[in-house]
Amino acid sequence: MRITDDILYVGVNDHNIDLFEGHYIVPNGMAYNSYVINDEKIAVMDTVDAAFGDEWLKNIADVLNGATPDYLIVQHMEPDHSANIQKFLEVYPNTKVVGNAKTFTMIGNFFRDLKLADENKLEVKNKDTLTLGKHELTFVFAPMVHWPEVMVTYDSKDKVLFSADGFGKFGALDVEEDWDCEARRYYIGIVGKYGAQVQNLLKVAATLDIQIICPLHGPVLTENLEHYIGQYNTWSSYGTESEGVMIAYTSVYGNTKKAVELLAEKLKEKGCPKVVVTDLAREDMAEAVEEAFRYGKIVLASTTYNGDVFPFMKTFIEHLTERNYQNKTIGLIENGSWASMAGKVMTGMFEKSKNITWLETSVKIMSSMDEQNKADIEKMAEELM
(Lines give C-alpha, C1' and ligand atoms only; values in the text may rest on other atoms or scores of the structure.)
Protein backbone atom coordinates (compact mmCIF):
# COMPACT_ATOMS: atom_id res chain seq x y z
CA MET A 1 0.00 0.00 0.00
CA ARG A 2 1.40 3.38 -1.03
CA ILE A 3 0.70 6.18 1.43
CA THR A 4 2.62 8.92 -0.37
CA ASP A 5 5.06 8.80 -3.29
CA ASP A 6 7.85 7.82 -0.92
CA ILE A 7 6.10 6.20 2.07
CA LEU A 8 4.89 2.62 1.72
CA TYR A 9 3.04 0.33 4.10
CA VAL A 10 4.74 -2.98 4.94
CA GLY A 11 2.71 -4.09 7.97
CA VAL A 12 0.75 -7.29 8.56
CA ASN A 13 -2.69 -8.47 9.71
CA ASP A 14 -3.08 -10.95 12.55
CA HIS A 15 -6.25 -13.06 12.54
CA ASN A 16 -4.80 -15.74 14.80
CA ILE A 17 -4.87 -13.62 17.93
CA ASP A 18 -7.85 -13.89 20.30
CA LEU A 19 -6.68 -11.71 23.19
CA PHE A 20 -4.55 -8.61 22.66
CA GLU A 21 -2.06 -8.08 25.51
CA GLY A 22 -3.49 -11.25 27.01
CA HIS A 23 -6.92 -9.84 27.95
CA TYR A 24 -8.56 -7.62 25.33
CA ILE A 25 -10.94 -9.54 23.07
CA VAL A 26 -10.20 -8.74 19.41
CA PRO A 27 -12.86 -10.44 17.25
CA ASN A 28 -11.49 -8.78 14.11
CA GLY A 29 -7.84 -9.43 14.82
CA MET A 30 -5.05 -6.85 14.93
CA ALA A 31 -2.86 -4.93 12.52
CA TYR A 32 0.83 -4.47 13.25
CA ASN A 33 1.88 -1.52 11.15
CA SER A 34 5.29 -0.80 9.72
CA TYR A 35 6.34 1.68 7.05
CA VAL A 36 9.21 2.28 4.64
CA ILE A 37 10.36 5.80 3.73
CA ASN A 38 12.12 5.48 0.38
CA ASP A 39 14.55 8.36 -0.14
CA GLU A 40 18.28 8.83 -0.72
CA LYS A 41 18.55 7.10 2.61
CA ILE A 42 15.91 4.45 3.35
CA ALA A 43 14.21 4.20 6.76
CA VAL A 44 12.00 1.41 8.06
CA MET A 45 9.58 2.48 10.78
CA ASP A 46 9.27 -0.22 13.49
CA THR A 47 8.94 -3.97 13.14
CA VAL A 48 5.96 -6.28 13.82
CA ASP A 49 4.91 -9.13 16.10
CA ALA A 50 7.28 -12.11 16.30
CA ALA A 51 4.86 -14.48 14.56
CA PHE A 52 4.93 -12.39 11.36
CA GLY A 53 8.63 -11.72 10.92
CA ASP A 54 9.00 -13.60 7.63
CA GLU A 55 5.91 -11.99 6.09
CA TRP A 56 7.09 -8.55 7.18
CA LEU A 57 10.60 -9.03 5.78
CA LYS A 58 9.10 -10.17 2.47
CA ASN A 59 6.93 -7.03 2.41
CA ILE A 60 10.03 -4.91 2.90
CA ALA A 61 12.00 -6.76 0.21
CA ASP A 62 9.10 -6.39 -2.23
CA VAL A 63 9.02 -2.59 -1.92
CA LEU A 64 12.80 -2.11 -1.82
CA ASN A 65 13.49 -4.00 -5.09
CA GLY A 66 16.97 -4.98 -4.00
CA ALA A 67 17.83 -1.77 -2.12
CA THR A 68 19.15 -1.92 1.43
CA PRO A 69 17.66 0.02 4.38
CA ASP A 70 19.87 2.57 6.06
CA TYR A 71 17.86 2.99 9.24
CA LEU A 72 15.46 1.01 11.42
CA ILE A 73 13.59 3.55 13.55
CA VAL A 74 12.24 2.07 16.79
CA GLN A 75 9.49 4.24 18.23
CA HIS A 76 8.13 1.75 20.74
CA MET A 77 9.67 -1.37 22.30
CA GLU A 78 6.50 -3.32 23.09
CA PRO A 79 7.07 -6.73 21.47
CA ASP A 80 4.18 -6.46 19.02
CA HIS A 81 6.27 -3.72 17.38
CA SER A 82 9.88 -4.60 18.21
CA ALA A 83 10.06 -8.39 18.22
CA ASN A 84 11.84 -8.63 14.86
CA ILE A 85 14.70 -6.20 15.46
CA GLN A 86 17.26 -8.98 15.70
CA LYS A 87 15.81 -10.88 12.74
CA PHE A 88 15.87 -7.69 10.66
CA LEU A 89 19.54 -7.09 11.49
CA GLU A 90 20.41 -10.64 10.44
CA VAL A 91 19.08 -9.79 6.98
CA TYR A 92 20.31 -6.17 6.89
CA PRO A 93 23.39 -6.16 9.19
CA ASN A 94 24.63 -2.72 8.17
CA THR A 95 21.45 -0.89 9.12
CA LYS A 96 21.60 1.68 11.90
CA VAL A 97 19.00 1.26 14.66
CA VAL A 98 17.55 4.64 15.64
CA GLY A 99 16.21 5.07 19.15
CA ASN A 100 16.65 6.97 22.39
CA ALA A 101 18.64 5.95 25.45
CA LYS A 102 15.71 4.07 26.98
CA THR A 103 15.10 2.31 23.67
CA PHE A 104 18.57 0.84 23.68
CA THR A 105 18.31 -0.20 27.32
CA MET A 106 15.14 -2.11 26.46
CA ILE A 107 16.70 -3.67 23.37
CA GLY A 108 19.39 -5.07 25.67
CA ASN A 109 16.73 -6.41 28.02
CA PHE A 110 14.61 -8.04 25.31
CA PHE A 111 17.46 -9.35 23.14
CA ARG A 112 20.05 -10.76 25.52
CA ASP A 113 22.34 -12.12 22.82
CA LEU A 114 22.14 -9.10 20.49
CA LYS A 115 25.24 -6.95 20.78
CA LEU A 116 24.73 -3.74 18.83
CA ALA A 117 28.01 -2.17 17.73
CA ASP A 118 28.30 1.59 17.96
CA GLU A 119 28.18 1.84 14.18
CA ASN A 120 24.78 0.10 14.28
CA LYS A 121 23.29 2.61 16.73
CA LEU A 122 22.02 6.14 16.34
CA GLU A 123 20.87 7.48 19.68
CA VAL A 124 18.60 10.51 19.40
CA LYS A 125 17.38 13.08 21.87
CA ASN A 126 14.05 14.87 22.00
CA LYS A 127 13.49 17.10 18.94
CA ASP A 128 16.57 15.74 17.14
CA THR A 129 16.26 15.49 13.36
CA LEU A 130 17.39 12.96 10.77
CA THR A 131 17.63 13.86 7.09
CA LEU A 132 17.02 11.09 4.58
CA GLY A 133 17.27 13.34 1.52
CA LYS A 134 14.01 15.11 0.74
CA HIS A 135 12.52 13.88 3.99
CA GLU A 136 13.56 15.39 7.32
CA LEU A 137 12.36 13.46 10.36
CA THR A 138 11.91 15.03 13.79
CA PHE A 139 11.72 12.77 16.82
CA VAL A 140 9.35 13.88 19.57
CA PHE A 141 9.60 12.01 22.85
CA ALA A 142 6.29 10.83 24.30
CA PRO A 143 7.19 9.16 27.61
CA MET A 144 4.43 7.05 29.14
CA VAL A 145 2.28 7.12 26.04
CA HIS A 146 2.22 4.42 27.13
CA TRP A 147 5.77 3.14 27.81
CA PRO A 148 8.68 5.34 28.97
CA GLU A 149 10.76 5.01 25.79
CA VAL A 150 8.01 5.97 23.33
CA MET A 151 8.71 8.58 20.71
CA VAL A 152 6.79 9.71 17.65
CA THR A 153 8.25 10.88 14.37
CA TYR A 154 7.22 13.81 12.16
CA ASP A 155 8.11 13.92 8.46
CA SER A 156 8.07 17.57 7.39
CA LYS A 157 8.08 16.82 3.64
CA ASP A 158 4.91 14.76 3.44
CA LYS A 159 3.53 16.21 6.70
CA VAL A 160 3.13 12.75 8.21
CA LEU A 161 3.01 11.97 11.91
CA PHE A 162 4.18 8.44 12.71
CA SER A 163 2.26 8.26 15.97
CA ALA A 164 3.47 5.00 17.60
CA ASP A 165 0.53 3.53 19.56
CA GLY A 166 -1.31 6.85 19.45
CA PHE A 167 -4.42 6.94 17.24
CA GLY A 168 -4.37 3.16 17.02
CA LYS A 169 -7.30 0.77 17.29
CA PHE A 170 -8.14 -2.88 17.58
CA GLY A 171 -8.89 -4.78 14.37
CA ALA A 172 -7.01 -5.94 11.28
CA LEU A 173 -6.90 -3.65 8.25
CA ASP A 174 -8.76 -6.07 5.99
CA VAL A 175 -11.92 -5.72 8.13
CA GLU A 176 -14.03 -2.58 7.91
CA GLU A 177 -15.48 -1.33 11.18
CA ASP A 178 -16.22 1.91 13.00
CA TRP A 179 -13.02 3.66 14.08
CA ASP A 180 -14.39 5.43 17.13
CA CYS A 181 -15.67 2.34 18.95
CA GLU A 182 -12.55 0.19 18.71
CA ALA A 183 -10.15 3.14 18.99
CA ARG A 184 -11.95 4.24 22.17
CA ARG A 185 -11.80 0.75 23.69
CA TYR A 186 -8.13 0.53 22.71
CA TYR A 187 -7.26 3.98 24.10
CA ILE A 188 -9.17 3.71 27.37
CA GLY A 189 -7.95 0.18 28.04
CA ILE A 190 -4.29 0.64 27.19
CA VAL A 191 -3.45 4.35 27.39
CA GLY A 192 -6.29 5.66 29.58
CA LYS A 193 -4.19 6.07 32.72
CA TYR A 194 -1.82 8.45 30.96
CA GLY A 195 -4.13 11.31 30.01
CA ALA A 196 -1.74 14.03 31.18
CA GLN A 197 1.07 12.61 29.05
CA VAL A 198 -1.21 12.39 26.00
CA GLN A 199 -2.26 15.99 26.55
CA ASN A 200 1.41 17.01 26.51
CA LEU A 201 1.91 15.21 23.20
CA LEU A 202 -1.21 16.79 21.70
CA LYS A 203 0.17 20.23 22.54
CA VAL A 204 3.29 19.46 20.52
CA ALA A 205 1.20 17.97 17.70
CA ALA A 206 -0.82 21.19 17.55
CA THR A 207 2.33 23.04 16.45
CA LEU A 208 2.85 20.72 13.47
CA ASP A 209 1.18 20.72 10.07
CA ILE A 210 -0.14 17.16 10.09
CA GLN A 211 -1.89 15.87 6.97
CA ILE A 212 -1.51 12.11 7.55
CA ILE A 213 -1.31 10.02 10.73
CA CYS A 214 0.43 6.65 10.52
CA PRO A 215 -0.18 4.67 13.74
CA LEU A 216 1.25 1.31 14.73
CA HIS A 217 -2.23 -0.24 14.88
CA GLY A 218 -5.30 0.46 12.78
CA PRO A 219 -5.79 2.40 9.57
CA VAL A 220 -3.67 5.23 8.20
CA LEU A 221 -5.68 8.40 8.82
CA THR A 222 -5.79 10.82 5.88
CA GLU A 223 -9.10 12.67 6.18
CA ASN A 224 -11.07 14.43 8.91
CA LEU A 225 -8.02 14.49 11.18
CA GLU A 226 -9.66 17.10 13.40
CA HIS A 227 -12.17 14.42 14.46
CA TYR A 228 -9.53 11.91 15.52
CA ILE A 229 -7.43 14.54 17.28
CA GLY A 230 -10.58 15.89 18.94
CA GLN A 231 -11.49 12.44 20.21
CA TYR A 232 -8.02 12.02 21.69
CA ASN A 233 -8.30 15.42 23.34
CA THR A 234 -11.62 14.44 24.93
CA TRP A 235 -10.43 11.02 26.05
CA SER A 236 -7.12 12.24 27.46
CA SER A 237 -8.74 15.13 29.34
CA TYR A 238 -11.35 12.75 30.79
CA GLY A 239 -14.14 14.77 29.26
CA THR A 240 -17.66 13.76 28.30
CA GLU A 241 -17.82 12.42 24.78
CA SER A 242 -21.54 11.61 24.57
CA GLU A 243 -24.54 12.84 26.51
CA GLY A 244 -26.36 10.09 28.38
CA VAL A 245 -26.22 7.79 31.39
CA MET A 246 -24.48 4.46 31.82
CA ILE A 247 -25.90 2.02 34.37
CA ALA A 248 -23.51 -0.75 35.36
CA TYR A 249 -24.88 -3.48 37.59
CA THR A 250 -24.43 -6.87 39.18
CA SER A 251 -27.42 -8.89 40.35
CA VAL A 252 -27.63 -12.32 41.99
CA TYR A 253 -31.35 -13.15 42.03
CA GLY A 254 -32.67 -10.42 39.78
CA ASN A 255 -33.89 -7.84 42.30
CA THR A 256 -31.06 -5.36 41.67
CA LYS A 257 -31.60 -5.88 37.96
CA LYS A 258 -35.28 -4.94 38.36
CA ALA A 259 -34.26 -1.67 40.00
CA VAL A 260 -31.84 -0.96 37.15
CA GLU A 261 -34.51 -1.69 34.56
CA LEU A 262 -36.91 0.67 36.32
CA LEU A 263 -34.30 3.44 36.40
CA ALA A 264 -33.53 2.94 32.70
CA GLU A 265 -37.26 3.11 31.91
CA LYS A 266 -37.68 6.33 33.90
CA LEU A 267 -34.67 7.94 32.21
CA LYS A 268 -36.01 7.11 28.76
CA GLU A 269 -39.43 8.48 29.69
CA LYS A 270 -37.77 11.75 30.71
CA GLY A 271 -35.97 12.02 27.37
CA CYS A 272 -32.45 10.96 28.31
CA PRO A 273 -30.52 11.00 25.00
CA LYS A 274 -28.85 7.63 25.64
CA VAL A 275 -29.18 4.99 28.35
CA VAL A 276 -26.56 2.22 28.36
CA VAL A 277 -27.25 -0.72 30.67
CA THR A 278 -24.39 -3.16 31.30
CA ASP A 279 -24.51 -6.47 33.18
CA LEU A 280 -20.95 -6.65 34.45
CA ALA A 281 -21.09 -10.41 34.93
CA ARG A 282 -21.95 -11.11 31.31
CA GLU A 283 -20.54 -8.36 29.11
CA ASP A 284 -16.96 -7.69 28.05
CA MET A 285 -15.27 -5.75 30.85
CA ALA A 286 -13.25 -3.63 28.41
CA GLU A 287 -16.46 -2.58 26.66
CA ALA A 288 -17.97 -1.64 30.01
CA VAL A 289 -14.93 0.44 30.96
CA GLU A 290 -15.03 2.18 27.58
CA GLU A 291 -18.68 3.17 28.09
CA ALA A 292 -18.00 4.45 31.60
CA PHE A 293 -15.43 6.89 30.24
CA ARG A 294 -17.63 7.88 27.31
CA TYR A 295 -20.55 9.25 29.31
CA GLY A 296 -20.46 11.92 31.99
CA LYS A 297 -22.97 10.24 34.31
CA ILE A 298 -22.91 6.69 35.65
CA VAL A 299 -25.01 4.70 38.09
CA LEU A 300 -23.43 1.75 39.88
CA ALA A 301 -25.88 -0.84 41.13
CA SER A 302 -24.66 -3.83 43.12
CA THR A 303 -25.41 -6.32 45.82
CA THR A 304 -23.49 -6.77 49.03
CA TYR A 305 -21.38 -9.93 48.86
CA ASN A 306 -19.32 -11.38 51.71
CA GLY A 307 -19.61 -8.09 53.57
CA ASP A 308 -18.15 -6.32 50.54
CA VAL A 309 -19.32 -5.52 47.02
CA PHE A 310 -20.04 -8.11 44.34
CA PRO A 311 -16.74 -9.22 42.66
CA PHE A 312 -17.57 -8.09 39.11
CA MET A 313 -18.46 -4.61 40.37
CA LYS A 314 -15.27 -4.45 42.40
CA THR A 315 -13.21 -5.39 39.36
CA PHE A 316 -15.04 -2.83 37.24
CA ILE A 317 -14.39 0.02 39.67
CA GLU A 318 -10.73 -1.02 39.94
CA HIS A 319 -10.45 -0.78 36.16
CA LEU A 320 -11.89 2.74 36.33
CA THR A 321 -9.79 4.09 39.18
CA GLU A 322 -6.51 2.66 37.90
CA ARG A 323 -7.15 4.60 34.68
CA ASN A 324 -7.62 7.88 36.59
CA TYR A 325 -11.41 7.98 36.26
CA GLN A 326 -12.49 11.56 36.96
CA ASN A 327 -14.82 14.45 36.08
CA LYS A 328 -17.91 12.25 36.38
CA THR A 329 -21.24 12.20 38.22
CA ILE A 330 -21.95 8.93 40.04
CA GLY A 331 -25.13 7.55 41.56
CA LEU A 332 -25.48 4.42 43.69
CA ILE A 333 -28.02 1.65 44.00
CA GLU A 334 -27.15 -0.91 46.65
CA ASN A 335 -28.86 -4.10 47.73
CA GLY A 336 -28.27 -5.92 51.01
CA SER A 337 -30.58 -8.43 52.58
CA TRP A 338 -29.47 -7.89 56.19
CA ALA A 339 -26.22 -5.86 56.33
CA SER A 340 -25.85 -3.64 53.29
CA MET A 341 -22.23 -2.70 52.63
CA ALA A 342 -22.06 -2.29 48.84
CA GLY A 343 -22.71 1.46 48.83
CA LYS A 344 -20.07 2.18 51.44
CA VAL A 345 -17.49 0.03 49.66
CA MET A 346 -18.20 1.54 46.23
CA THR A 347 -17.97 5.08 47.58
CA GLY A 348 -14.69 4.31 49.32
CA MET A 349 -13.14 2.93 46.15
CA PHE A 350 -13.36 6.40 44.54
CA GLU A 351 -11.85 8.30 47.47
CA LYS A 352 -8.69 9.14 45.49
CA SER A 353 -10.51 10.00 42.26
CA LYS A 354 -10.62 13.62 41.13
CA ASN A 355 -13.72 15.71 40.51
CA ILE A 356 -16.34 13.08 41.30
CA THR A 357 -19.84 14.47 41.92
CA TRP A 358 -22.13 12.17 43.88
CA LEU A 359 -25.86 12.26 43.30
CA GLU A 360 -27.80 13.44 46.33
CA THR A 361 -30.24 10.59 45.75
CA SER A 362 -29.17 7.02 46.43
CA VAL A 363 -31.22 3.85 46.52
CA LYS A 364 -30.87 1.27 49.29
CA ILE A 365 -32.77 -1.95 48.66
CA MET A 366 -33.28 -4.59 51.31
CA SER A 367 -33.68 -7.78 49.26
CA SER A 368 -36.38 -6.49 46.90
CA MET A 369 -37.79 -3.11 45.94
CA ASP A 370 -40.42 -1.45 48.10
CA GLU A 371 -42.43 1.68 47.36
CA GLN A 372 -39.79 3.95 48.88
CA ASN A 373 -37.17 2.44 46.57
CA LYS A 374 -39.39 3.12 43.57
CA ALA A 375 -39.87 6.71 44.69
CA ASP A 376 -36.10 7.11 45.14
CA ILE A 377 -35.49 5.73 41.66
CA GLU A 378 -37.91 8.27 40.23
CA LYS A 379 -36.05 11.00 42.13
CA MET A 380 -32.67 9.67 40.94
CA ALA A 381 -33.84 9.72 37.33
CA GLU A 382 -34.95 13.31 37.74
CA GLU A 383 -31.60 14.31 39.25
CA LEU A 384 -29.72 12.65 36.39
CA MET A 385 -31.54 14.67 33.76
Side-chain angles (χ1 to χ4, degrees), residues 25 188 242-323 325 328-351 353 356-385:
I25 297 169
I188 297 299
S242 302
E243 293 300 321
V245 177
M246 181 199 185
I247 310 172
Y249 77 93
T250 60
S251 186
V252 180
Y253 295 109
N255 289 303
T256 307
K257 180 180 180 181
K258 289 178 181 177
V260 165
E261 290 173 340
L262 180 59
L263 176 60
E265 178 185 320
K266 295 295 182 182
L267 287 168
K268 291 173 184 176
E269 288 176 357
K270 296 177 186 299
C272 185
K274 182 71 174 178
V275 181
V276 176
V277 178
T278 299
D279 180 349
L280 295 174
R282 290 178 171 83
E283 298 185 29
D284 176 32
M285 187 62 72
E287 292 275 5
V289 171
E290 168 199 350
E291 298 284 25
F293 277 83
R294 181 177 183 175
Y295 298 97
K297 299 173 183 178
I298 184 172
V299 175
L300 306 174
S302 188
T303 53
T304 296
Y305 194 83
N306 286 337
D308 206 305
V309 67
F310 200 77
F312 288 105
M313 179 61 75
K314 192 167 200 173
T315 298
F316 176 62
I317 296 174
E318 287 171 348
H319 276 295
L320 300 184
T321 55
E322 72 183 15
R323 288 166 174 80
Y325 194 69
K328 306 295 183 183
T329 296
I330 303 177
L332 297 178
I333 298 174
E334 62 175 322
N335 191 343
S337 293
W338 60 88
S340 188
M341 290 294 294
K344 180 179 179 180
V345 173
M346 289 189 287
T347 302
M349 291 182 75
F350 289 96
E351 64 182 1
S353 299
I356 298 297
T357 301
W358 295 96
L359 292 184
E360 292 183 9
T361 306
S362 61
V363 181
K364 185 172 183 177
I365 301 167
M366 299 303 289
S367 297
S368 64
M369 282 192 295
D370 59 17
E371 292 306 312
Q372 183 60 52
N373 296 146
K374 294 175 183 177
D376 288 341
I377 287 172
E378 175 76 36
K379 188 176 178 183
M380 176 178 280
E382 189 65 38
E383 191 176 349
L384 284 164
M385 292 302 296

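- A donor-acceptor pair under 3.5 Å is absent between the side-chain atoms of Asp376 and the main chain of Val363, judged by distance alone.
- Two residues are said to be in side-chain contact when any heavy atoms from C-beta on lie closer than 4.5 Å; Met341 and Val309 fail this criterion.
- No donor-acceptor pair closer than 3.5 Å links the side chain of Lys379 to the backbone N or O of Ser362.
- Counting heavy atoms from C-beta outward, Thr278 and Ile247 have side chains that stay 4.5 Å or more apart.
- Within the 3.5 Å criterion, the main-chain N or O of His319 finds a donor-acceptor partner in the side chain of Arg323.
- Residue Glu269 places its CD atom among more than 12 non-hydrogen atoms of other residues, nucleotides or ligands, all under 6.0 Å distant.
- Residues Ile330 and Val299 are not in side-chain contact: their nearest non-hydrogen atoms beyond the backbone lie 4.5 Å or more apart.
- Remark: side-chain polar atoms of Ser251 are paired, donor with acceptor, to backbone N or O of Lys257 under 3.5 angstrom.
- Legend: residues meeting side chain to side chain contact (heavy atoms under 4.5 Å, CB included) with Thr321, ordered by chain and number and at least two apart, are Ile317, Phe350, Ser353.
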side-chain contact (heavy atoms from CB on, under 4.5 Å) evaluation trace for Lys270 with Glu378 | CA-CA 10 Å; Lys270 296 177 186 299; Glu378 175 76 36; 2.7 Å; yes

Does the pair Thr347 and Trp358 meet the rule for a side-chain contact (heavy atoms from CB on, under 4.5 Å), with working shown?
-> CA-CA 9 Å; Thr347 302; Trp358 295 96; 4.1 Å; yes

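- Between the side chain of Asn373 and the backbone N or O of Asp370 there is at least one donor-acceptor pair closer than 3.5 Å.
- Counting heavy-atom neighbours within 6.0 Å of Tyr295 OH, excluding the residue itself, gives a total above 12.
- Formation of a donor-acceptor pair under 3.5 Å by the Glu383 side chain with backbone atoms of Thr361 is found in this model.
- Here the side chain of Lys297 pairs no donor or acceptor atom with the backbone of Lys328 at under 3.5 angstrom.
- The closest side-chain heavy-atom distance from Met313 to Val345 is not below 4.5 Å.
- What you find for Phe312 and Leu280 is that their closest heavy atoms are CD2-O, 3.7 Å.
- Checked against Asn335 for a side chain to side chain donor-acceptor pair (under 3.5 Å), the options Thr256, Asn255, Thr250 give a single hit: Thr256.
- Between Lys314 and Met349 there is a side-chain heavy-atom pair separated by less than 4.5 Å.
- When every heavy atom of Met366 is checked against every heavy atom of Ser337, the shortest pair comes out as CE-O, 3.6 Å.
- Inter-residue side-chain proximity for Met385 and Leu267 is flagged as met; some heavy-atom pair is nearer than 4.5 Å.
- A donor-acceptor pair under 3.5 Å is absent between the side-chain atoms of Ser302 and the main chain of Glu334, judged by distance alone.
- The side-chain heavy atoms of Leu263 and Ile333, taken from C-beta on, include a pair separated by under 4.5 Å.
- Other residues, nucleotides and ligands contribute more than 12 heavy atoms inside 6.0 Å of the CD atom of Glu265.
- The closest side-chain heavy-atom distance from Met369 to Lys258 is below 4.5 Å.
- Within a 6.0 Å radius of NZ in Lys274, no more than 12 heavy atoms belonging to other residues, nucleotides or ligands are found.
- Under the 3.5 Å distance criterion, the side-chain polar atoms of Tyr249 are left unmatched by any main-chain donor or acceptor of Thr303.
- Using modelled atom types, no side-chain atom of Lys266 and backbone atom of Ala381 make a donor-acceptor pair closer than 3.5 Å.
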